[in-house]
Amino acid sequence: MRLVDIATERRVTIAMFVVAILLFGAVSLSRLKLNLLPDLSYPTLTVRTELTGGAPLEIENLLTKPIEEAVGVIKNVRLVRSVSRSGQSDVVLEFVWGTDMDIAGVDVREKLDLLELPLEASRPLLLRFDPSSEPIMRMALVPQEDANAGESRLKYLRRFAEDRLKTDFEAVEGTAAVKISGGFEDEIQITVDQKKLAQLGLTVPVVAQRIRAENVNLSGGRLEEGSQRFLVRTINEYQSVGEIGNTIIATPDDRPVYLRDVATVESGYKEREAITRIDGNESVELAVYKEGDANTVQVAQRIQRRLDEVEETLPDGVTLVKVYDQAKFIGSAISDVTNAALIGGILAVIVLYGFLRDSRATTIIGITIPVSVIGTFVLMYSSDITLNIMSLGGIALAVGMLVDNSIVVLENIVRKREQGESILEAARNGTSEVAIAVTAATLTTIAVFFPMVFVSGIAGQLFRDQALTVTFALVFSLIVALTLIPMLASLGSGDRYADSADSSAPGRLTRGVAFFVRWTGRALSVFGWLGRILMWLPSKVLQGLYNALAAIYPAILRWSLNPRLLVVVVALVIFGATMSLIPRLGTELIPQLSQGEINA
């Protein structure tokens, strides 16, 4: 094969090609996104509309159904679901994967602008997350132990969180919303005296309508003076509790009746739905939600950087504590899978040395594992695959298969060498003989995994990353087996390839490359010598087990060839017993994930 000839003749070229793969792979690895699992949730938009005082049935008829009918015809909408509760309507739109959410948001907003909702209803809000999802980070604004955590203090913390912190964190890229809970939320409470209202012939709706009409800024037109033009506005919004009490609600017999005459106006707080405590101290919680298509780890990192900046502007006696960070659990899970893959690769090399008992051959085969894995990162980055449990699981699965091609090629090279061929000829002929077989075997394995990419639905989204990762790793292992293995096996032949006779001295670059290759070879020989010392005992144990198995196997094989029908029956019984266990196995999409937390 021409590729094998190039690998054995152009060794420096192959070495530089491998170095380039390692460099590009390292850069790609640093840019890969981290995630726990592939994105299994559909991109979502939530339309939230509020109607104060509305019952759930009224909310459904007046808000939810009209919104569902309006937005249900938008392109790429997969599912529309809604929740109607007292005073609030949430309509959640799920879009198909790959939808441009910016354009989808514009389409939804256009449909909402054409709707005619009740005048009392608030303007529909467009949220880029599912309200039922969990926040990616929780923080708590906690007063220090020596600080006064009374009602006024908690009111101030709640106001500070809503006016300052909420705005700062929602400005972070990838953040959909920041929900605040705990503390005391400001509320102006007007307690009406029903007897006084009855005496004046007034009702509560009339009072509410009067307050609403007074608390407004209106345009008063414009005033022209010569060449100048002034815009006139009427400023009438309330600035204090006293101004609210001085509102005139009626003028019976030309005598003004003020709100303070029939009601008590005071600054209080809303009825609390939740109380947040950190180490026994009452606090204000901030829950950060990410956008549906944003990466959890990247958003958490941006939030952490903004948190470091915000801590410098906090009031005295107040600390902002990070209570929960989903990115930590993701990082821990990814680290565990990575360690498992590393341990698997090391064990594969140990087992190889135990059977080969040749440090040179083991080193050559062992090099193929990191080269193939690092090269896989290049294709993962180009395919927009994240580092998650499934993709790293695919790498861990492929580690055991990466050495198969290299073992076949190297064993055939050793066989050719034992037949008396030179190192260079053995590397060239041995690789060429098995190249077609190794390619066919690799393509057969790829044919098992690659079709999973075309599976639709949740299953396809879940296993796509793993299937592509295994495919990429096997493709690189085939390339390495047909190029790097014969190149390394031919080292020491003494033969060099030259285009033509050239008596000039080699250039600085050529000398540098030669120096790198020479010292790399010496370093590998040192590692091989150390490996022989460390692996002496394990190799003896493995070789003993192999010899014992080799001694027992011929007898077992001869016995199994005599009662052939019995062997077939036993195999069928074992197969049937195994298949009977399938109905007893539970089924679920993914196993339960424990984050080491207790929710009470």
Nearest 0.5 Å, please: how far is [atom2] in [Y] from [atom1] in [X]?
X      : Y      : atom1 : atom2 : result
Leu342 : Asn339 : CG    : CG    : 6.0 Å
Arg302 : Leu307 : CZ    : CG    : 15.5 Å
Met137 : Lys328 : CE    : NZ    : 8.5 Å
Met16  : Ile21  : CE    : CD1   : 12.0 Å
Asp107 : Leu93  : CG    : CG    : 11.0 Å
Ile136 : Thr175 : CD1   : OG1   : 6.0 Å

Closer than 4.0 angstrom, basic N to acidic O: yes or no for [X] and [Y]?
X      : Y      : answer
Glu170 : Lys166 : yes
Asp325 : Lys322 : yes
Glu94  : Arg81  : yes

[Y] and [X], any side-chain heavy atoms less than 4.5 Å apart:
X      : Y      : answer
Glu285 : Arg138 : yes
Met487 : Thr13  : no
Leu127 : Leu45  : no
Phe463 : Leu468 : no
Val288 : Pro135 : no
Val284 : Thr276 : no
Lys179 : Leu286 : no
Leu79  : Phe95  : no

Of all heavy-atom pairs between [X] and [Y], which one has the smallest distance, and what is that distance?
X      : Y      : result
Ser580 : Pro583 : O-CD, 3.3 Å
Ala481 : Pro486 : O-CD, 3.3 Å
Lys290 : Thr296 : CE-OG1, 3.1 Å
Ile374 : Ala26  : CG2-N, 4.0 Å
Tyr381 : Ser28  : CB-CB, 3.8 Å
Thr376 : Thr469 : CG2-O, 3.8 Å

[X] side chain to [Y] main-chain N or O, any donor-acceptor pair under 3.5 Å?
X      : Y      : result
Ser332 : Phe329 : no
Ser335 : Gly331 : no
Asn412 : Val408 : no
Thr483 : Ile479 : yes
Asn295 : Leu34  : yes
Arg158 : Gly182 : yes
Thr313 : Val310 : yes
Ser391 : Thr386 : yes

> What side chain to side chain donor-acceptor pair (under 3.5 Å) pairs are there with at least one residue in residues 435-451, not counting sequence neighbours?
Replying inline: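 Matches after skipping sequence neighbours: Asn405-Thr442.
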>> Go through it in stages, so that I can follow the logic: the residues are Val371 and Ile367, the test is side chain to side chain contact (heavy atoms under 4.5 Å, CB included), and I'd like the CA-CA distance, side-chain angles, deciding distance and then a yes or no.
In response: CA-CA 6 Å; Val371 171; Ile367 290 175; 4.0 Å; yes
> So, Glu68 and Ser82: side-chain donor and acceptor under 3.5 Å apart, yes or no?
Replying inline: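 Per modelled atom types, Glu68 and Ser82 side chains form a pair under 3.5 Å.
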Does [X] [atom1] have over 12 foreign heavy atoms under 6.0 Å away?
X      : atom1 : value
Lys111 : NZ    : no
Glu309 : CD    : yes
Asp384 : CG    : no
Phe17  : CZ    : no

>> If you apply the rule side chain to side chain contact (heavy atoms under 4.5 Å, CB included), what do you find for Asn388 with Leu392, and how did you get there?
In response: CA-CA 6 Å; Asn388 53 66; Leu392 287 176; over 6 Å; no
> Between Lys75 and Ile103, does a side chain to side chain contact (heavy atoms under 4.5 Å, CB included) hold up when you go through it step by step?
Replying inline: CA-CA 10 Å; Lys75 183 180 179 181; Ile103 297 179; over 6 Å; no
>> Using the rule side chain to side chain contact (heavy atoms under 4.5 Å, CB included), only one of Val414, Thr368, Thr431 pairs with Val409; which is it?
In response: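 Among the candidates, only Thr431 passes.
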> Does Phe575 have any ring-ring contact (aromatic ring centres under 6.0 Å, His included) partners at least two apart in sequence or in another chain, and if so, which?
Replying inline: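 For Phe575, no residue satisfies ring-ring contact (aromatic ring centres under 6.0 Å, His included) once neighbours in sequence are set aside.
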>> Checking Val142 against Val318 for the side chain to side chain contact (heavy atoms under 4.5 Å, CB included) test, could you report, in this order, the C-alpha distance in whole Å, the side-chain angles of both residues, the deciding distance, and whether it holds?
In response: CA-CA 6 Å; Val142 186; Val318 177; over 6 Å; no
